[in-house]
Each structure stands twice: as C-alpha cells, then as structure tokens.
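A short write-up of the structure that comes next.
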Amino acid sequence: MMSPQPTAPVVGNRYSGTYVLRLTFVAALGGLLFGYDTAVISGAIGFLRSHFTLNAAETGWAAASALVGCVIGAGFAGEFSDRFGRKRALLVSGVLFLVSAVWSAIPETTAEFVTARIIGGVGIGMASLLSPLYISEISPAGIRGKLVSYNQLAIVGGILVVYFVNYLIAGLGSEEWNIERGWRWMFGSEALPASLFILALLTIPETPRWLVKQGQEDRARSILDKTIGPGNALIELHAIRETLALEGGTVAELFRPGLRKAMLLGVALAILQQITGINVFMYYAPEIFKQLGSGVDSALLQTVVIGIFNLTFTAVAIRTVDRWGRKPLLLYGSAGMGISLLGLGAAAYFGTTAGWVLIFVLGYIACFAMSVGPVVWVVISEIFPTKVRGRAMSIATLLLWTANFLISQTFPMIDEDPWLVTHFNHGFPFFLYAAFCAIMVFVVRLSVPETKGKSLEEIERSWLQPGMTGRKSRGGR
Ligand code: BGC
C-alpha cells in the first residue's frame, strides 16, 4: 500500500518547478495570515480586557468574534471565486486582512474593535479555502498533495510566528504600556504580512482551470506550459475542456448521485477535522497543561513546544502525502489521535499530573499534523468539479468553521460541567473527541478514494464513472 510512487511530472516534458513553487508560496501566504490572525488574539486578550475593562462575556466575544467572520468569509468566498476568479478573491481576502490589522490597532471602543476583528475573520474564512483551492488548481498532479500541504505548514508557521511577535512586543514595555499600547502593535503587526500578500498576489496569474471555464484557453495554455510543460499542457487542456463539458455548473449538481458522495465526504471530513479537538489544544493549551499540573511558565513553554511539533510533523505529511497517499495518512493519523486522546483522557480521569502526560498531547499533535491537518485540506481541494469547486469548498469550509466555533465554545462548559467532573474528572472532553476519531477512521476507511497522482479531471470523472477510480494519471501530472 505504501510503495513509493513517482512524484515528478512527465519525463521529457519541461516544466518549471520553481514557477509552481513560487505560485504556491504566494498563495500559501494566505495560510500564513490565517494562522497569524487566528492566534494573534491569544497574546493580546489579557491587555485588551484591562484596556476596555471587559467582563467575562465581553472578553469571550472579543476573542471569538473573528470566528463569526470566518463563517461568513468561508460562506461567500466560493461563489465569489467561481464568478470572479481565484486570484481576485484572494486579493479581496488580502485587503480585508490589511483593513482589519490597521483598524483593530486603533479602535476607540469595543464595538469598533469587534467590527475590525470580524472583518479580519472574513479574510481568514476566505483565505482558508482559497489558498488550498488555488494551489490545487495550479499543481501538477504528482505533487499536488505536497504543494497543498505547504499551505498547512504556512498556517502553523503563522501561528508560531505570532506567538513570538506577541512575546517580543509584550517585552518592549511595562504592564501599563502593554495595556495602553502593546496590544495595538500586536494586531497592527499583521499589516506587514498582509501588505506583502497583496503585493505578491499581483504577480501571480489566474488558475488555468478557472480560465478554461471562462473560455480563456490561450491564457490557460500559457500557464499550463509553465506548470506542467508544453507537451502535457495540450493533453491537460483537452482533459479540462472535456470534463468541464460534463458539468452543468450549478450547486444542485453536487447533490446528484455520484457527486453527492463527494459533497458528503467533503463535509464529513471538514467537520471531523474540527470535532476531533485540534483547536481545543490550539486555543486552550496552557489551561490544559495547568490542569495537568504544570506551572504558568512551563505551561507557556509547553505551548510553544506544541507549535514546534505541529510544524515539524506537517513536514512529514509534505514528504509522504504523494507517496503513501491521502488515505493511509488519514487512517493512521486519526487512529493515532484517538489513541493519544484516550491516554490523555485516562490521565485526566485518574488525576495524573506527571510530566510524561505531555507525551499524549504531543502524540496527538504529531498525528494531526502529519495527517488530518493538511490532508483534509488536500482532499477537499481536489474532490469537487471545477465549475462549482469554489462553492462546494465553501459549503465544506463554512461547516468546518462552524464546527470549530462549537467545539471551542463548548470545551470549557464540558470540561467544568459538575456532573461530568464527578463521573469523569476532567477526562470527558478527551474521551468524546477520541470517539469522533473512531468515527473518522470509519469514514476514511469506507469512503475516501485514493487521489494521489490523479489529475483533478480524473478525480472528477471517477465520481461519475466509478469504474475509473483505479486508473493512473498520464505520467503523474
Ligand atoms: C485547521 C485549523 C487549525 C490548524 C492548526 C488547520 O488545518 O483547519 O482549525 O487551527 O490546522 O494546525
């Protein structure tokens, strides 16, 4: 099952690896901003609370308001990108990041701050689906998994970078200075990557698939020449044109037999990526560590260790996703996450406070990072038909953000519920997320098709004509 597969495009056909990588890196800046903007709040919220003298509910809203924007952004980015293009949609997300960065640094009232954060959230929601979508549509098939996984690396990188930026800014002045000004710089610092993103976007083209859909074949051809080589470009152009002719282009099509399976799978994976608990660790790690017996400083340090693990193991996915395939990674990854959660749940249940409990947390993060984190984005960026890919990804991503919101909002309630604490100590949430991992193993085993090495057109046809799923791509494009 895990035999190495060729990961390079067709021999004898010149293409520019550097060009594809450059486009990938530009689009992945959207992922970096996604990570940066979701995590910036963690270092700023305490100072912000003091500055505006917020009560508990207001603090929660100041922190979570961006997630509401994410749901909105994910909801309309697809339609926008199907109509106006992937590049224009990415540009809009970049501008929203920039406006939000500047405005959330200078608000006079909480209402202004929350509005600025919701605008940033819309940017995150948009970029969360547009970056993988763009990368997927410009990638040669044989390295598509790897290139889309770079986006996950950028998300995690963005989270880590902002931890350090927050830490550095907080160190620049006293507590009073941080309450008055420090938090403003934390949010404002995002203007730098956001401006870079906008400028870099101006240098990249539309995706060839979207261009063919718009009837702009010459432009599509010249980009394909560079991404997969002139010989392959012609074959690919033909395949894209033929496959597009099979599509009606309406969302209703996604609910027809055949493609309905793809839609259900995309939605299931998106929700499962969240309800297996990742963001409980991303958002509450220091609290969890304190519950397991760590002091404040070591809890913060362990949180950084989590970030480093997350980054390192994403690199494993990058190396393996096109060789081993999506399915084995998802299977072993979700099983590993489930086992780690059971261990963690048991430790919390028995009130164990020993340092080795960290192993379960790191095991969970490592398994997530090499599988469910990147690979879910890879799969949902490649299983939908071109004409409605944006809208279909929107549905899946909107539900992903909704699930994120529900899980991160309910964790403290479940964790502190008196009845659950009496019966499970603090183990219940972890047991619950472990049960979702078991469901994920089933879903993956039963319904994830192996898409490594197949062109987007081959994947699309395989839903409509299931007999074709086993066919190999022409030369791993
Ligand atoms: C998920 C995010 C998560 C991030 C952490 C992404 O794949 O969609 O919800 O915060 O990974 O690594």
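For ligands, and for the atoms within them, numbers begin at 1 and follow the listed sequence.
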## Note on the structure
re atom 10 (O) of ligand 1, the protein heavy-atom contact at minimum distance is Asn279 OD1, 2.6 Å
### Test salt bridge (Lys or Arg N to Asp or Glu O under 4.0 Å) applied to Glu382 and Lys454, step by step
CA-CA 10 Å; Glu382 61 187 12; Lys454 295 201 173 77; over 6 Å; no
### Task
Considering the heavy atoms of Phe368, write down every atom of ligand 1 situated less than 4.0 Å from one of them.
11 (O), 12 (O)
### Query
Are Asp82 and Arg391 within salt-bridge range, i.e. N to O under 4.0 Å?
yes
### Task
Please work out whether the ring planes of Trp401 and Phe34 are parallel, tilted or perpendicular, with thresholds of 30° and 60°.
tilted
### Task
Check each atom of ligand 1 against the heavy atoms of Gly373 and keep those under 4.0 Å away; list them by number with element.
7 (O)
### Task
State, yes or no, whether a side-chain contact exists between Val376 and Leu330 at a heavy-atom distance under 4.5 Å.
yes
### Message
Restricting to salt bridge (charged side-chain N to carboxylate O under 4.0 Å, His left out), what partner residues turn up for Glu79, sequence neighbours left out?
### Response
Arg83
### Message
Please list the nearest protein heavy atom to atom 7 (O) of ligand 1 with its residue and the distance rounded to 0.1 Å.
### Response
Gln152 OE1, 2.7 Å
### Atoms in ligand 1 flagged as close to Val156, the criterion being non-hydrogen separation under 4.0 Å
12 (O)
### Within reach of ligand 1, part of Asn310 (heavy-atom separation under 4.0 Å)
side chain
### Query
Do the ring planes of Tyr433 and Phe430 sit parallel (below 30°), tilted (30 to 60°) or perpendicular (above 60°)?
perpendicular
### Query
Purely on distance, is any nitrogen or oxygen of Gln273 under 3.5 Å from one on ligand 1?
yes
### Atom indices of ligand 1 within 4.0 angstrom of Trp377 heavy atoms, with elements
6 (C), 7 (O), 8 (O)
### Task
Classify the contact between Val376 and ligand 1 as side chain, backbone, both or neither, using a heavy-atom distance cut-off of under 4.0 Å.
neither
### Task
For the residue pair Ser81 and Tyr134, confirm or rule out a side-chain donor-acceptor distance under 3.5 Å.
no
